[in-house]
Amino acid sequence: GEDVEQSLFLSVREGDSSVINCTYTDSSSTYLYWYKQEPGAGLQLLTYIFSNMDMKQDQRLTVLLNKKDKHLSLRIADTQTGDSAIYFCAETAPGGKLIFGQGTELSVKP
Amino acid sequence: SAVISQKPSRDICQRGTSLTIQCQVDSQVTMMFWYRQQPGQSLTLIATANQGSEATYESGFVIDKFPISRPNLTFSTLTVSNMSPEDSSIYLCSVEPPGLYNEQFFGPGTRLTVL
């Protein structure tokens with residue numbers, strides 16, 4: 001069945017790069033997503049990658065996809081305190097629904 | 001993108017009562033989804049609500065507990081019926097706007113606490 005796994009916590013220092021990892025199981029997923037959830041807020045779509053791509057870059061964000069290993073990562077360059085949030089990866093499933101990972105809580109220390 | 005609003009933003013309810021959550025979108029969308037996020041957990045899809053058809057529920061969710069209405073292409077409601085403390089969660093609606101294939105946007109969520 002469908003399953004998405006993430007590590008639960010990541011702590012970095014301001015200015016460093018953050019790398020958040022995710023593994024998924026459904027090889028037929030056409031898109032993979034990264035969402036950001038700040039405390040008390042809804043989900044913000046950060047970026048997504050089509051399954052036939054290896055990499056996508058959008059300003060400070062770089063998404064890497066290893067389809068063979070079903071591994072997705074989100075790299076945030078020059079991490080700022082405002083990047084502190086929970087980051088969810090998600091894969092598409094039939095019917096348009098999204099299957100979410102547990103979320104990685106990113107803590108950025110000054 | 002799409003601008004999505006939900007009402008109420010939060011509520012505290014008594015066991016055994018029901019709460020109806022509204023989701024309003026600023027554009028017409030075909031597909032609308034309702035998710036639940038239990039405390040400290042990830043999001044789980046409750047049901048898919050397409051206008052003009054019955055909602056499709058995921059395993060573990062039933063219409064009697066979570067009835068959904070979808071009267072038009074910009075609005076939907078989710079009712080949490082006969083609530084218990086286990087229903088305390090954030091409930092979020094999401095939409096896939098036309099022309100933004102596979103980009104799914106979320107409302108701000110409704111934070112429900114059941115006493």
Side-chain angles (χ1 to χ4, degrees), chain A residues 1-9 20-26 28-53 56 58 61 63 65 72 85-106, chain B residues 1-10 21 23-25 29-51 53-61 89-98 100-113:
Chain A
E2 306 132 346
D3 196 15
V4 180
E5 299 278 340
Q6 297 178 240
S7 53
L8 296 181
F9 299 102
I20 303 171
N21 295 301
C22 172
T23 58
Y24 62 98
T25 56
D26 189 352
S28 66
S29 292
T30 50
Y31 289 89
L32 295 133
Y33 301 83
W34 285 104
Y35 283 86
K36 176 183 179 182
Q37 186 177 39
E38 295 181 82
L43 266 72
Q44 174 193 354
L45 177 61
L46 281 179
T47 187
Y48 63 94
I49 188 167
F50 188 48
S51 59
N52 69 352
M53 297 170 64
K56 181 179 180 181
D58 184 1
L61 305 179
V63 179
L65 175 61
L72 181 74
I86 299 176
Y87 291 81
F88 292 94
C89 67
E91 61 174 347
T92 50
K97 70 178 183 182
L98 297 179
I99 307 296
F100 285 85
Q102 312 96 304
T104 299
E105 183 176 348
L106 174 63
Chain B
S1 66
V3 177
I4 306 165
S5 60
Q6 287 186 232
K7 288 182 183 178
S9 58
R10 59 178 63 228
I21 302 167
C23 180
Q24 179 78 51
V25 191
V29 296
T30 302
M31 301 185 75
M32 190 175 279
F33 306 88
W34 285 99
Y35 288 83
R36 179 176 75 180
Q37 185 179 22
Q38 293 177 296
Q41 304 286 318
S42 186
L43 283 81
T44 302
L45 181 67
I46 298 171
T48 302
N50 293 336
Q51 198 268 338
S53 63
E54 293 289 321
T56 304
Y57 288 82
E58 296 297 302
S59 175
F61 297 97
S89 295
I90 300 173
Y91 292 85
L92 301 104
C93 66
S94 73
V95 304
E96 190 177 284
L100 291 176
Y101 181 64
N102 272 313
E103 288 190 34
Q104 205 169 113
F105 294 90
F106 284 78
T110 295
R111 185 179 294 270
L112 171 62
T113 302

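Note that these values count all heavy atoms, side chains included, but never hydrogens, waters or copies made by symmetry. Only a predicted model underlies this, so the values are computations on that prediction, with no experimental measurement involved. Per chain, numbering begins at 1; letters A, B, ... match sequence-line order.
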Portion of B:Leu92 that has a non-hydrogen atom of chain A nearer than 4.5 angstrom: side chain
Determine yes or no for a side-chain-to-main-chain donor-acceptor pair under 3.5 angstrom, with B:Tyr35 supplying the side chain and A:Leu98 the backbone. yes
Qualifying side-chain hydrogen bond (donor to acceptor under 3.5 Å, both in side chains) pairs with a residue from residues 38-47 of chain A, counting only residues at least two apart or across chains: none
Engaged part of B:Arg10 at the chain A interface, taking heavy atoms whose separation is under 4.5 Å: neither
Which bit of A:Glu105 is near chain B, if near means a heavy-atom gap under 4.5 Å: side chain, backbone, both or neither? neither
side-chain contact (heavy atoms from CB on, under 4.5 Å) evaluation trace for A:Gln37 with B:Phe106: CA-CA 11 Å; A:Gln37 186 177 39; B:Phe106 284 78; over 6 Å; no
With a 4.5 Å cut-off on heavy-atom pairs, point out which of A:Gly103, A:Gly101, A:Ala41 contacts chain B the most. A:Gly101
Contacting moiety of A:Leu43, where chain B heavy atoms sit under 4.5 Å: both
Without swapping roles, check the side chain of A:Thr25 against the backbone of A:Asp3 for a donor-acceptor pair under 3.5 Å. yes
Name all residues meeting the side chain to side chain donor-acceptor pair (under 3.5 Å) criterion together with A:Thr104; count only those two or more places apart in sequence or in a different chain, and write none if there are none. A:Gln6
Under a 4.5 Å heavy-atom cut-off, does chain B meet the side chain of A:Phe50, its backbone, both or neither? neither
Are side-chain heavy atoms of B:Gln104 and A:Tyr33 found at a separation under 4.5 Å? no
Do you know which of B:Glu58, B:Gln41, B:Arg111 has the most heavy-atom pairs under 4.5 Å to chain A? B:Glu58
